[in-house]
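Starting from 1, each residue takes its place in the sequence as its number. This one's a predicted model, so the numbers in the text were calculated from it and none came from an experiment.
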Amino acid sequence: MNFHVLTLFPEMITQGVGTSITGRAMDKGLISVNAIDIRDFSGNKHGQVDDYPYGGGAGMVMQPGPVYRSYESVVEKIGHKPRVVYMTPQGKVFNQKMAEEFAKEEDLVFLCGHYEGIDERVLDMIVTDHVSIGDYVLTGGELPSMVMIDCISRLVPGVLHNDVSAEFESFQDNLLEYPQYTRPAEFKGVKVPDILLSGDHAKVDCWRREQSLKRTLERRPDLLEEAMLNQEDLKYLKKIKLDSNKEK
C-alpha cells in the first residue's frame, strides 16, 4: 500500500512513521510513505503558499494553486486519481471500520492543512473524504495523518509479525479488547486469572469474550449499538446489568 502525504513539513511525516512497525514495513516494501512538500509547488522563489483571506479575518489561508499542483504530481506518478483524505476537525471521526475501508486502497493521499485552512475551491476539486481524529483542533494535519497511517498499515498483510493479532484487537466486532497478562503469574500480590493458566482454550476464549463485553459496557457502551452480538453475548450483558443494579 502506498501513502502519499501533501504537507508543509515532510520531515515530520518521514521521521514520525519511519520507526517501529511502520518503519519495518517500509523497509520490507509492504508499504511506502511519500511525503510531498507543498512548498515545492509554490511557483515563487520564497516558497510562499499562503495569503490573507478574502473578506478579512485573522490568520492566513493556504492557496489553491500549490495544493493542486502537489496533488497533480501524485496523479502523474501513479497514473490515476486516488482517494484524497483531508484532515480536518470538521470531518467524520476516524474509527476502525474506516481504517478497514481505507486499507483496501492501493494508493491513499492525505492532505495536511495549516494556518486557518485551505482555499475551499481546491478542496472541492480533489478531496474525497473529510476525516477527523477527534473533536479538538491541532496546528496541522500531520499528526492525524500519522495516526491514520499507523492504524491502516496494521491491516496490510505482512505488516504485523502475527497477522492473527490484528483480528482480535480493540474495536474488532465493535468491542474493546479483553485484558492481557504475562509473566510473572503473581505481581505485588495480584495473580493472573486462573482461567488463563488452565490450558482449556475453549474456556479461555469464552472468558475473553465476556471480558470484552464487560469492558465495552463499562468504558464505551456506545459501541454496543453496532456490535456484532450473539444470543450468549446478550444474555451475559443482561446479567452484568442486573448484577450492577443489585449492587446499587
Straight-line distance of [X] [atom1] to [Y] [atom2], nearest 0.5 Å:
| X | Y | atom1 | atom2 | answer |
| --- | --- | --- | --- | --- |
| Ile13 | Met146 | CD1 | CE | 5.0 Å |
| Leu6 | Ile36 | CG | CD1 | 5.0 Å |
| Thr88 | Asp129 | OG1 | CG | 12.5 Å |
| Ile31 | Phe3 | CD1 | CZ | 5.5 Å |
| Gln96 | Cys151 | CD | SG | 4.5 Å |
| Asp200 | Trp207 | CG | CH2 | 14.0 Å |

More than 12 heavy atoms of other residues, nucleotides or ligands under 6.0 Å from [atom1] of [X]: is that the case?
| X | atom1 | value |
| --- | --- | --- |
| Tyr136 | OH | yes |
| Asp194 | CG | no |
| His201 | NE2 | no |
| Glu225 | CD | no |
| Asp135 | CG | no |

When hydrophobic residues are tied together by side-chain contacts of less than 4.5 Å, even through go-betweens, does [X] share a cluster with [Y]?
| X | Y | value |
| --- | --- | --- |
| Tyr68 | Val61 | no |
| Val131 | Val93 | no |
| Met125 | Met62 | yes |
| Met26 | Met148 | yes |
| Phe187 | Val192 | no |

So, do His114 and Phe9 have ring centers that fall under 6.0 Å from each other?
yes
For the residue pair [X] and [Y], what are the closest heavy atoms and their distance?
| X | Y | value |
| --- | --- | --- |
| Thr216 | Leu176 | OG1-N, 2.8 Å |
| Arg69 | Ser42 | NH2-O, 3.4 Å |
| Ile38 | Leu8 | CB-CD2, 3.8 Å |
| Gly59 | Pro53 | O-CD, 3.3 Å |
| Leu175 | Ala227 | CD2-CB, 4.0 Å |
| Thr7 | Ala35 | CG2-CB, 4.4 Å |

Between [X] and [Y], is there a donor-acceptor pair closer than 3.5 Å when you use the side chain of the first and the backbone of the second?
| X | Y | value |
| --- | --- | --- |
| Arg208 | Tyr178 | no |
| Gln63 | Gly65 | no |
| Ser145 | Gly141 | yes |
| Asn174 | Leu223 | yes |
| Ser198 | Ile195 | yes |

Less than 4.5 Å apart, side chain to side chain, heavy atoms only: is that true for [X] and [Y]?
| X | Y | value |
| --- | --- | --- |
| Ile240 | Leu217 | yes |
| Ile126 | Lys81 | no |
| Met87 | Leu143 | no |
| Tyr181 | Pro193 | yes |
| Val67 | Leu123 | no |
| His130 | Gln90 | no |
| Tyr71 | Phe41 | no |
| Val75 | Pro82 | yes |

What verdict does the side chain to side chain contact (heavy atoms under 4.5 Å, CB included) test give for Val33 and Thr14, after you've listed the backbone C-alpha separation in whole Å, the side-chain angles of each residue and the deciding distance to 0.1 Å?
CA-CA 7 Å; Val33 181; Thr14 54; 5.9 Å; no
Can we say [X] and [Y] salt-bridge, meaning some charged N sits less than 4.0 Å from an Asp/Glu carboxylate O?
| X | Y | value |
| --- | --- | --- |
| Arg83 | Glu101 | yes |
| Asp205 | Arg209 | no |
| Lys97 | Glu226 | yes |

Test side chain to side chain contact (heavy atoms under 4.5 Å, CB included) on Ile78 and His4 and set out the steps.
CA-CA 10 Å; Ile78 64 177; His4 312 269; 3.9 Å; yes
Can you list the steps and then say if Arg154 with Ile21 is a side chain to side chain contact (heavy atoms under 4.5 Å, CB included)?
CA-CA 8 Å; Arg154 298 171 66 84; Ile21 290 176; 3.7 Å; yes
Is it true that the side chains of Thr22 and Asp150 contain a donor and an acceptor less than 3.5 Å apart?
no
Side chain to side chain contact (heavy atoms under 4.5 Å, CB included) for Asp107 and Val74? Distances and angles first, verdict last.
CA-CA 10 Å; Asp107 292 276; Val74 175; over 6 Å; no
